[in-house]
Structure formats: structure tokens, C-alpha cells
Amino acid sequence: MSESVSDPECLFCRIVAGEIPADRLYEDDEILAFRDVNPQAPFHALIIPKTHIATLNDATPAQATLLGRLMAVATGIAVEQGFAEAGYRTVMNCNSDGGQSVYHIHLHLLAGRRLAWPPG
Ligand code: 5GP
Ligand code: ZN
């Protein structure tokens with residue numbers, strides 16, 4: 001595992017550090033998942049790497065396994081919360097056109113209602 005990086009100015013690094021509270025759903029040595037403070041569906045979680053990666057563009061090939069693990073954790077939460085059969089959505093926004101507002105990568109996990117496609 002590569003060394004973990006933290007940015008003291010970053011909101012999600014501060015959540016990882018426990019400086020800002022969050023409703024935690026899952027945690028291991030590399031990944032943290034917590035409920036989104038402004039949910040866009042009946043269930044809305046964010047799955048983040050504990051190491052600071054600003055955008056998907058900044059992820060290195062060496063972090064490919066970590067990126068895959070974000071998806072695996074999302075799936076595990078969806079199963080645990082009972083959404084696997086009905087369905088759910090995972091999405092990662094990148095930069096301004098992608099709708100990214102927090103510059104520490106996070107996988108959204110949305111479930112509990114029929115989600116429209118294409119997104120707005
Ligand atoms: P983005 O727009 O970058 O893809 O998503 C950022 C998400 O972070 C938004 O859905 C927003 O509601 C969520 N968020 C922003 N600040 C906080 C916070 O302090 N706590 C939690 N739990 N979620 C946050
Ligand atoms: Zn960060």
C-alpha cells in the first residue's frame with residue numbers, strides 16, 4: 001500500500017482525521033464511507049480513499065486497485081442496506097463540468113428511488 005497523504009485544508013481529509021463529524025457507515029485502513037450531509041436520494045453515501053487524491057485525473061496507475069476497492073465497498077454497502085436487487089447508482093464527478101464540489105475524490109452511492117438517466 002502506498003503512503004497515505006492528508007491535506008489539512010481538505011474537508012474530507014478532516015472527516016478522515018475525525019476533526020469534522022460524519023455518519024460513518026464503513027471504515028478500513030484505506031477507505032471511509034459516510035452518509036452525504038445533503039442526500040439526493042433516500043440513501044446517499046460517499047465512499048472515499050483515506051489518502052488525499054484531489055480529482056480522478058490525479059489518481060495514478062498504482063492507485064487502480066484502491067479505485068476498484070471504492071466500488072467494491074459501495075457494492076457491499078448497497079447489499080448490506082438492502083438495495084442490491086432494486087438497484088442503485090455509483091458516480092464519481094470530476095472537475096467543474098462533472099459537478100465536483102469537494103476536491104478529494106469520492107464515489108457517490110445513491111439508492112432508494114428510481115434515478116433518472118441521463119443526469120442533469
Ligand atoms: P461532489 O459535488 O463533489 O460530487 O459531491 C460532494 C458531496 O459532498 C455533496 O453531495 C455534498 O452534499 C457532500 N458534502 C459536502 N460537505 C459535506 C460534509 O461536511 N459532510 C458530509 N457528510 N457530506 C458533505
Ligand atoms: Zn483530502
Side-chain angles (χ1 to χ4, degrees):
M1 194 183 83
S2 58
E3 202 175 309
S4 192
V5 176
S6 183
D7 176 353
E9 305 289 313
C10 169
L11 175 65
F12 286 176
C13 284
R14 296 186 69 197
I15 287 178
V16 168
E19 294 168 15
I20 294 172
D23 188 350
R24 292 172 180 235
L25 295 162
Y26 175 87
E27 181 168 11
D28 62 34
D29 59 340
E30 295 186 310
I31 289 174
L32 176 66
F34 50 93
R35 287 181 196 270
D36 196 294
V37 78
N38 182 24
Q40 301 301 310
F43 182 82
H44 187 173
L46 302 173
I47 299 95
I48 71 169
K50 288 188 169 179
T51 194
H52 182 81
I53 303 169
T55 79
L56 200 49
N57 294 333
D58 300 301
T60 67
Q63 291 170 320
T65 302
L66 177 61
L67 296 181
R69 287 205 64 236
L70 296 177
M71 198 67 84
V73 167
T75 303
I77 293 170
V79 169
E80 182 184 278
Q81 297 281 335
F83 296 116
E85 194 174 334
Y88 56 90
R89 181 170 297 167
T90 58
V91 62
M92 189 179 287
N93 300 325
C94 182
N95 278 339
S96 56
D97 275 7
Q100 185 173 5
S101 62
V102 177
Y103 283 79
H104 177 135
I105 61 167
H106 44 282
L107 188 64
H108 294 262
L109 169 60
L110 299 141
R113 68 172 171 84
R114 181 67 65 95
L115 297 160
W117 192 264

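In each ligand, atom 1 is the first atom listed, and ligand 1 is the first ligand listed. All values below come from the heavy atoms of this structure, side chains included, with hydrogens, waters and symmetry mates left out.
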Any Met92 heavy atom less than 4.0 Å to ligand 1: no
Pairs of nitrogen or oxygen atoms closer than 3.5 Å, one from Val102 and one from ligand 1: do any exist? yes
Could you check whether any side-chain N or O of Asp36 sits under 3.5 Å from a backbone N or O of Asn38, counting only pairs where one atom can act as donor and the other as acceptor? yes
Across all chains, not counting sequence neighbours, the salt bridge (charged side-chain N to carboxylate O under 4.0 Å, His left out) partners of Glu80 are none
- Would you say Gln100 and ligand 1 have an N/O pair spaced under 3.5 Å apart? no
Among Gly98, Cys94, Ser101, closest by heavy atom to atom 3 (O) of ligand 1 is Ser101
Nearest non-hydrogen protein atom to atom 5 (O) of ligand 1, with distance, is His106 NE2, 2.9 Å
Identify whether Leu32 and Val73 are in the same connected component of the hydrophobic contact network (ILVMFWY, side-chain heavy atoms under 4.5 Å). no
- prompt: With a 4.0 Å cut-off on heavy atoms, is Leu46 touching ligand 1?
  reply: yes
Quick note on ligand 1: atoms under 4.0 Å from a heavy atom of Asn38 include exactly 12 (O)
#### Entry: Pro49 and His104, any side-chain heavy atoms less than 4.5 Å apart
yes
Verdict with reasoning, Ile105 to Leu67, per side-chain contact (heavy atoms from CB on, under 4.5 Å) = CA-CA 10 Å; Ile105 61 167; Leu67 296 181; 3.7 Å; yes
min-distance protein heavy atom vs atom 16 (N) of ligand 1 -> Leu11 CD2, 3.3 Å
So the ring-ring contact (aromatic ring centres under 6.0 Å, His included) pairs with at least one residue in residues 73-103 (sequence neighbours excluded) are Phe43-Phe83
Near Phe12 (heavy-atom distance under 4.0 Å), the atoms of ligand 1 are 8 (O)
Smallest heavy-atom separation, Asn95 atom then Gln100 atom, equals N-OE1, 2.8 Å
Here the gap from Leu46 atom CG to Leu70 atom CG, rounded to the nearest 0.5 Å, amounts to 11.0 Å
In terms of its nearest heavy atom to atom 13 (C) of ligand 1, the top option of Asn93, Leu107, Asp36 is Asp36
Non-hydrogen side-chain atoms of Gln81 and Leu109 separated by less than 4.5 Å: no
The closest protein heavy-atom partner of atom 17 (C) of ligand 1 is Val37 CG1, 3.6 Å
- Run the side-chain contact (heavy atoms from CB on, under 4.5 Å) check on Lys50 and Asp29 step by step: do they pass? CA-CA 8 Å; Lys50 288 188 169 179; Asp29 59 340; 5.8 Å; no
Among non-hydrogen protein atoms, atom 22 (N) of ligand 1 lies closest to Arg35 O, 2.9 Å
query: Do His44 and His108 come close enough that some side-chain heavy atom pair is under 4.5 Å?
result: yes
One finds that the ligand 1 atoms under 4.0 Å from a non-hydrogen atom of Phe34 are 21 (C), 22 (N)
Q) Tell me, do Ile53 and Leu66 make a side-chain contact under 4.5 Å, heavy atoms counted? A) yes
Using a 3.5 Å cut-off on N or O atoms only, is Gly99 in polar contact with ligand 1? yes
The complete set of ring-ring contact (aromatic ring centres under 6.0 Å, His included) pairs with one or both residues in residues 7-30, sequence neighbours excluded, reads Phe12-Phe34, Phe12-His106
Under 2.8 Å from the Zn ion (ligand 2), the protein N, O or S atoms found are Cys10 SG, Cys13 SG, His52 ND1, His104 ND1
